[in-house]
Amino acid sequence: MSLVPEVVSPKYDNRLPDDYYRLLVDNIADYAVFMLDPTGHIISWNIGAELIKQYKAEEIIGQHFSVFYTAADINRDYPATELKEALKHGRYEDLGWRVRKDGTVFWANVIITPMYDKDKTLLGFSKVTRNLSEKKKAEEDLQHAYQELKESEEKFRLLIEGVRDYAIIMLDSAGNIASWNEGARRMKGYEANEIIGKYFSKFYSREDIERGFPEYELGQAKANGRFEDEGWRYRKDGSAYWANTVLTAVRDAQGQLLGFSKITRDLTDKKKLEQQLYRSNEELKESEEKSRLLINSVRDYSILMLSPDGIIMSWNEGAERIKGYEAKEVIGKHFSVFYPREAVAQGFPQFELKTALANGQFEDEGWRIRKDGTAFWANVVLSPIYNQNKRLLGFAKITRDLTERRRNEELMRRNLELVRINNELDSFVYTASHDLKSPVINLEGLLIALKEDLGADVGKHEALFRMMGGAVEKLKKTIDDLSDVTKLQQDKTAPEEVDIPAMIEEVKETLSSNILSKSVKITTATTGFESLRYSRKNVRSILFNLVSNAIKYANPAKTPEVTISTSVADTGEFVLSVADNGLGISEGQKSKIFGMFKRAHDHVEGSGVGLYLVKKILDNTGDRIEVESVQSEGSVFRVYFKQGPALPIAAANNQD
């Protein structure tokens, strides 16, 4: 709170003349403020009591205050309980129904406070009542007024000063504080000797003072008799609280303004509760709207509400997309419209509802029918919906079209069958590669023995022996390739950093005889990366097979050229490319060349296992190979490896 210069009036004694207290209570019209004797009989009455309860003073004074209570409260002796509780705790506050003179009831806030003289002798009770009927649910109206006392000045003073939940103060006609009660001390933090005589703007913010709001309040109360407001006020320690304030002009019998009564109640907790309730209500409305929009926008699920009898009550976009009906076509119809005729005849829709009620949910998969008569395979979940009193409101029905999943399951079944066949093929390859080695070795031995037996005549059969030897070598090469396939299936080699330029040189050295014999020109461009984290022997196998194929399938009309390069794709994958200017591959062969024993050109010597091995290696590590080719112009094989971020070549060369 901003520091504001104090406005000080002449010094006042907080004990006012008798008439001030009497006038203060007499002029309160919004509260019934009256005095009870120790037995509960009414001994004073004010204008507020007459307006609220409809009795005139001469009608009610002397009667027991239980006349304002309902028959049920009187039967349980509740009025006497209130007096006992007030004596026990020093005060008693209650909300409840009270009865007017005409028999009508009103919702009342009641505060009963025992009053004692200086010798602690019980004088009676002060009873402050306010009619809260109109504000029962909306807000607590926090004005509090004080009893009209017809007795001594001491009783009037005790009435005002004894109230602790309301700040009840008297202002002079200029707005200076003339009296102070316990409620004011507790609420605002000032002692009487600190605040009496000061201008009441002391409780307002600098902004309110600068815009003249305290003076405006006095002007309104003076012109209209009273002024009520809610807003932030400030305590002695500078902390703020939300206050309800009622300012009432106090006049004498001749209408002369004597000052103002000012009743204030701290509504900070109520304000926080209202704000919390407002936020909760806004969040609830927003949540409901989001839920509605969410359900209506869901396209993959049919989400609808059924009445307890199965009548469709709501429809969403997913339902329209899956079932084909618009909302206006289907709302009001029985949900059995989605079922095949046979299911309806067997009573299956009714069985679903009964089972959902019995078990709390029903789930099923089966054929359902769209508007156009086509069938779809549906997963259906049906759940009963109850209110908080356990009354059945209907059913939530969620349907998903699983036709595609059903097709996929069939494809999966077929794929599993293909996997089984492939596994059996792998087992056959493994068996063949091992079981054929011994017969081939025996065959080589027999050829050697035959040559020895022929002696000098072996030269006559040189061509035949050469053909037989070539056939044995080809068979051995095929068995070796099959052996490589079986080894690949068992391969668990850990990845390591492979130096690509060094590996290229190693492969070139291995293929040097072929390179020289065919005058192959090999170019390398490892500008993308020079190191690859992979199984070393698998990188060698990939490079060896791709380069040897490029040489093997060279175009006889051209000087063979092979380019080996590296790059990094936009996806972050490392790409190893082998390009040639050879025979090329036809479009029809591109999808077949990676199969076992498949070759694009039958007139060229080969086993048809090399590219199968490359594809198998890459499949095992989740990597891939692509080919681009034009017949008679050449081919480009690109191998894509999943790696971490690529280092610049210079930085890679500096790595330890």
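Sequential numbering from 1 along the given sequence is applied to the chain's residues. For the numbers below, each heavy atom of this structure counts, side chains included, while hydrogens, waters and symmetry mates do not.
Between T566 and F574, the closest side-chain pair of non-hydrogen atoms is not below 4.5 Å. I504 is listed as a side-chain neighbour of L543, based on a closest heavy-atom distance under 4.5 Å. The shortest distance between side-chain heavy atoms of L618 and V639 falls below 4.5 Å. In this structure, the side chains of V380 and I398 stay at 4.5 Å or more apart for every pair of heavy atoms. The shortest distance between side-chain heavy atoms of I617 and S541 falls below 4.5 Å. Considering only heavy atoms from C-beta on, S635 stays 4.5 Å or farther from L583 through its side chain. Between K323 and F338 the shortest side-chain heavy-atom distance falls below 4.5 Å. Taking 4.5 Å as the limit, every side-chain heavy atom of N549 sits out of range of all side-chain heavy atoms of I551.
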| Can you check side-chain contact (heavy atoms from CB on, under 4.5 Å) on V575 and V568, steps first, answer last? | CA-CA 6 Å; V575 184; V568 179; over 6 Å; no
Q. Is there a side-chain contact (heavy atoms from CB on, under 4.5 Å) between Y386 and L393 once you walk through the steps?
A. CA-CA 5 Å; Y386 300 92; L393 300 179; 5.9 Å; no
side-chain contact (heavy atoms from CB on, under 4.5 Å) between V636 and D580, intermediate numbers included: CA-CA 7 Å; V636 181; D580 64 62; over 6 Å; no
*Apply side-chain contact (heavy atoms from CB on, under 4.5 Å) to the pair I385 and L392, showing each step before the final yes or no.*
CA-CA 6 Å; I385 304 295; L392 180 66; 5.8 Å; no
Legend entry - Q631/S586 under side-chain hydrogen bond (donor to acceptor under 3.5 Å, both in side chains): CA gap, chis, key distance, verdict: CA-CA 6 Å; Q631 278 190 292; S586 67; 4.7 Å; no
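Applying the side-chain hydrogen bond (donor to acceptor under 3.5 Å, both in side chains) test to residues at least two apart or on different chains, the pairs with a partner in residues 388-397 are K397-T399. Listed by first and then second residue, the salt bridge (Lys or Arg N to Asp or Glu O under 4.0 Å) pairs that reach into residues 554-564 come to none, sequence neighbours excluded. Sequence neighbours left out, the pairs with a member in residues 509-518 that pass side-chain hydrogen bond (donor to acceptor under 3.5 Å, both in side chains) are T510-R540.
Interatomic distance, OG of S629 versus OH of Y553, reported as 12.0 Å (0.5 Å rounding). Separating the OG1 atom in T403 from the CD1 atom in I322 is a distance of 9.5 Å, to the nearest 0.5 Å. Atoms CG and CZ, from L576 and F637 in turn, are 12.5 Å apart once rounded to the nearest 0.5 Å. Note that CG of N545 is 7.0 Å distant from CG of L611, once rounded to the nearest 0.5 Å. With values rounded to the nearest 0.5 angstrom, Y325 atom OH is found 9.0 Å from D372 atom CG. In this structure, N538 CG and F544 CZ are separated by 14.5 Å, a value rounded to the nearest 0.5 Å.
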Considering only distance and modelled atom types, tabulate donor-acceptor pairs under 3.5 Å from the side chains of residues 342-355, sequence neighbours left out.
| unit_1 | atom_1 | unit_2 | atom_2 | d |
| --- | --- | --- | --- | --- |
| E352 | OE1 | Y339 | OH | 2.2 |
| E352 | OE2 | Y339 | OH | 3.2 |
| E352 | OE2 | R368 | NH2 | 3.2 |
| T355 | OG1 | F351 | O | 2.8 |

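A search for side chain to side chain contact (heavy atoms under 4.5 Å, CB included) contacts involving T268 returns Y241, W242, D266, K272, not counting sequence neighbours. With sequence neighbours left out, A327 forms a side chain to side chain contact (heavy atoms under 4.5 Å, CB included) with W315, I331. Residues forming a salt bridge (charged side-chain N to carboxylate O under 4.0 Å, His left out) with K590 (at least two apart in sequence, or on another chain): E587. For the salt bridge (charged side-chain N to carboxylate O under 4.0 Å, His left out) test, residues two or more places apart in sequence or in another chain that qualify with E365 are R405. Scanning for side chain to side chain contact (heavy atoms under 4.5 Å, CB included) contacts around E633 gives V630, with sequence neighbours left out. Under the rule for a salt bridge (charged side-chain N to carboxylate O under 4.0 Å, His left out), the partners of D401 that lie at least two apart in sequence or sit in another chain are R370. By the side chain to side chain contact (heavy atoms under 4.5 Å, CB included) test, V381 pairs with Q361, E363, N379, S383, sequence neighbours left out. In this view, R400 satisfies the salt bridge (charged side-chain N to carboxylate O under 4.0 Å, His left out) rule with no residue, not counting sequence neighbours.
With salt bridges taken as basic N to acidic carboxylate O contacts below 4.0 Å, one links K371 and E329. Ionic pairing of R624 and E626 is present here: one or more N-O contacts between side-chain nitrogen and carboxylate oxygen are shorter than 4.0 angstrom. The existence of a salt bridge linking E628 and R638 is confirmed by a sub-4.0 Å separation between a basic side-chain nitrogen and an acidic carboxylate oxygen.
The two residues E497 and S531 come nearest to each other via the heavy atoms OE1-OG, 2.6 Å. Taking all atoms of both residues into account, the shortest heavy-atom contact from T526 to P501 is OG1-CG, 3.9 Å. Nearest heavy-atom pair, S519 versus T559, reported as atom, atom and distance to 0.1 Å: O-CG2, 3.8 Å. Contact record, A569 with Y640: CB-CE2, 4.4 Å, taken as the closest heavy-atom pair. In terms of heavy-atom proximity, P384 sits nearest to F395 at CA-CD2, 3.7 Å. Contact record, I303 with N316: N-OD1, 3.0 Å, taken as the closest heavy-atom pair.
For the pair T563 (side chain) and T523 (backbone), a donor-acceptor distance under 3.5 Å is absent. For D623 (side chain) and K642 (main-chain N/O), a donor-acceptor pair under 3.5 Å exists by modelled atom type.
With hydrogens and angles left out, the side-chain atoms of D309 and S307 include no donor and acceptor closer than 3.5 Å.
Around atom NZ of K508, more than 12 heavy atoms belonging to other residues, nucleotides or ligands sit under 6.0 Å away.
For Y534 and F641, the distance between ring centers is under 6.0 angstrom.
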